[in-house]
Amino acid sequence: MKEHAGQKPVSSLKIYLRLLGYVRPYTGKFAISILGFLIFASSQPMLAGIFKYFVDGLIDPSVSPFPGLPLLADMPLMHTVPVLIVLIAAWQGVGSYLGNYFLQKVSLGLVHDLRVALFDSLLRLPNRYFDENSSGHLISRITFNVTMVTGAATNAIKIVIREGLTAVFLFAYLLWMNWKLTLVMVAILPVIGVLVSSASRKFRKQAKKIQLAMGDVTHVASETIQGYRVVRSFGGEPYESRRFRAASTDNTSKQLRMVKTGEIFTPTLQLVTYIAMAFVLFLVLWLRGDATAGDLVAFITAAGLLPKPVRQLSEVSSTIQRGVAGAESIFEQLDEAPETDHGTVERERVTGRLEVRDLTFRYPGGARPVLEKVSFAVEPGQMVALVGRSGSGKSTLANLIPRFYHHDQGQILIDGVDVEDYTLRNLRRHIALVTQQVTLFNDTVANNIAYGDLAGAPRGAIEAAAEAAYAKEFIDRLPQGFDTLIGENGVMLSGGQRQRLAIARALLKDAPILILDEATSALDTESERHIQAALDRATRGRTTLVIAHRLSTIEKADVILVMEQGRLVERGSHSQLLAAGGAYARLHAMQFHDDAPADVGRR
Ligand code: ATP
Ligand code: MG
């Protein structure tokens, strides 16, 4: 996991402003929503104002309050007050609808945009990023963090605008009614300010911890779900159960801590507000002066309406901080540098000459180089085999050719052009790769073979590729043939069947360079022999790099490279290497003696 604690915290305001940048496309909807909240907020002092007329009406209900206005001129207070109250409620309702509905539109749109941006960034991030971050945390960022941001975007904006405007309107009304009394209330603002800012800081820190804890929950759950067979066969249930409980308990206690902060904060603020209110009430009774009873009732009502928006405004700080913390990690991911792609060369088709010169590579953070001064060249159409004991760097070398990782020292050239000089997309078009771990998608057999750029390939071509990969014999026996759904990562298939689909996919790609990393390791000798024959045909005219432990598969290779701890220690054809009597010969003797696959280089 990446540790973010050491990084300098970005200011909340900066993050919030950046988040608001995402609102820009929704400016129109946002404006309607603000208008709605303006309408809503304006209804609040109106409701307080009604009390003035009500109290006046108690004294003489037959007086007309608005003698100058056309419709209301002849209306006595007895009728005006009830009619107005209903009208104000309707006004408030319209405001509430416009405000809430349009704000939801904005915020749901915002969530969609953020989610898509996060997902798209996953498609561009370098392999290294996936090595460093667990999938659980990446998934939880898309599902959980984004909803935290919605909270900040919807509820917070709603409350800030609606309650903020309400407070402003009430305040203006109070000032207009009696500015001296109102200024007494203003005196508490600095106290509120201090309370809110200290709580905000706490909220953000806690929210960040909650998100990491949520990532842990997703991480443990997804690991257990994916590895349920191992969990069961090795009796890992108690361990996994404990691990999950710990992650979930941790999450719960962190959430509770945040709730606690909030629940101490809100009543404190409430108390401060009411102390100010109490003082105002005292002053009203003490110096009522020449104000009418109606005026004073309206004033007190309006002042009484004030603590609610103030409380809500203060509570919103926790929502905002949660959103800011969510947005922070979202932006961190969005700011990660994508795969470097500075190349400019694009070729329609390469001949497939592959040359590796003095290639030295270490994984980021790795102590020692995994590859050291590796050099070799393969002519177009040749087959080169890479053998060597486990961990000697064979897959790493294969991964460097399509630039899954970046190397600093040495060069890899395809048709004489450094792979770094090709555009990534073009480079990868020239290479068909069957990786050591087969990846299949929860789709039909046909769609798994014709994946990505190959999607939409004619059925005939798909069947031919399947035939060549010796996969047709089992596909035809599947219930719906090529249209059978194969489950998540192809769970419905055997290991060898999965490998054959991966080979079919690579063959359908028909790229000039074919890399097979232990592509036939899971196959029985019989099936392998069939594939071998097919591959002999398929590899004709294309450069092939085969990595294999089972030496019988690579006897026909033009060159065999023997690797040991990242170095090429031997090279030559099968017969040359046998004659030389080195590492390869020893290994060969051992495999034929045991008649079982063994590691090259074991002595
Ligand atoms: P095998 O025959 O078992 O597949 P290999 O020859 O393909 O082995 P590599 O997968 O290339 O071996 O690994 C070479 C070394 O690099 C190993 O020591 C391994 O620990 C290290 N390594 C592999 N992948 C990574 C990675 N993503 N990050 C850091 N180190 C890695
Ligand atoms: Mg490997």
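Whatever order the structure lists ligands and atoms in, that order sets their numbers, starting from 1. FYI, the numbering just counts along the sequence from 1.
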Practice item. Report, in ascending order of atom number, the atoms of ligand 1 lying under 4.0 Å from any heavy atom of Gln436. Key: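 Numbered from 1, ligand 1 contributes 1 (P), 4 (O).
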Check your understanding: According to the salt bridge (Lys or Arg N to Asp or Glu O under 4.0 Å) rule, which pairs have a member within residues 365-381, sequence neighbours left out?
Key -> Arg353-Glu379, Glu372-Arg567
Exercise for review: Quick one: give me the number of protein N/O/S atoms under 2.8 Å from the Mg ion (ligand 2).
Suggested key: 2
Review point. Where does Thr396 meet ligand 1, judged by heavy-atom distances below 4.0 Å: at the side chain, the backbone, both, or neither?
Key: both
Review point. Given that the side chain starts at C-beta and the backbone is N, CA, C, O, which of these parts of Tyr405 lies under 4.0 Å from ligand 1, counting heavy atoms, or is it both or neither?
Key: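 The answer is the side chain.
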Strictly under 4.0 Å, does any heavy atom of [X] approach an atom of ligand 1?
X	value
His549	yes
Ser392	yes
Gly393	yes

**Study point:** Nearest protein heavy atom under 4.0 Å from atom 20 (O) of ligand 1, yes or no
**Key:**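 Protein heavy atom within 4.0 Å of atom 20 (O) of ligand 1: absent.
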Exercise for review: Return a yes/no value: protein heavy atom under 4.0 Å from atom 15 (C) of ligand 1?
Suggested key: yes
Point to revise | Close side-chain approach of Ser135 to Ser222, heavy-atom, < 4.5 Å | key: yes
Point to revise | Counterpart residues, side chain to side chain contact (heavy atoms under 4.5 Å, CB included), relative to Ser248 (two or more places apart) | key: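 If we apply the side chain to side chain contact (heavy atoms under 4.5 Å, CB included) test to Ser248, skipping adjacent residues, the hits are Phe244, Thr252.
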Practice item. Check for a donor-acceptor pair, side chain of Arg204 on one end and backbone N or O of Val324 on the other, with a separation under 3.5 Å. Key: no
Determine all donor-acceptor pairs shorter than 3.5 Å in which one atom belongs to a side chain in residues 469-476; sequence neighbours excluded.
residue : atom : partner : partner atom : Å
Tyr470  : OH   : His530  : NE2          : 3.3
Lys472  : NZ   : Asp476  : OD2          : 3.2
Glu473  : OE1  : Arg477  : NH2          : 2.8
Glu473  : OE2  : Arg500  : NH1          : 2.6

Check your understanding: Does the ring center of His406 lie less than 6.0 Å from the ring center of Phe361?
Key ->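 That pair fails the under 6.0 Å test.
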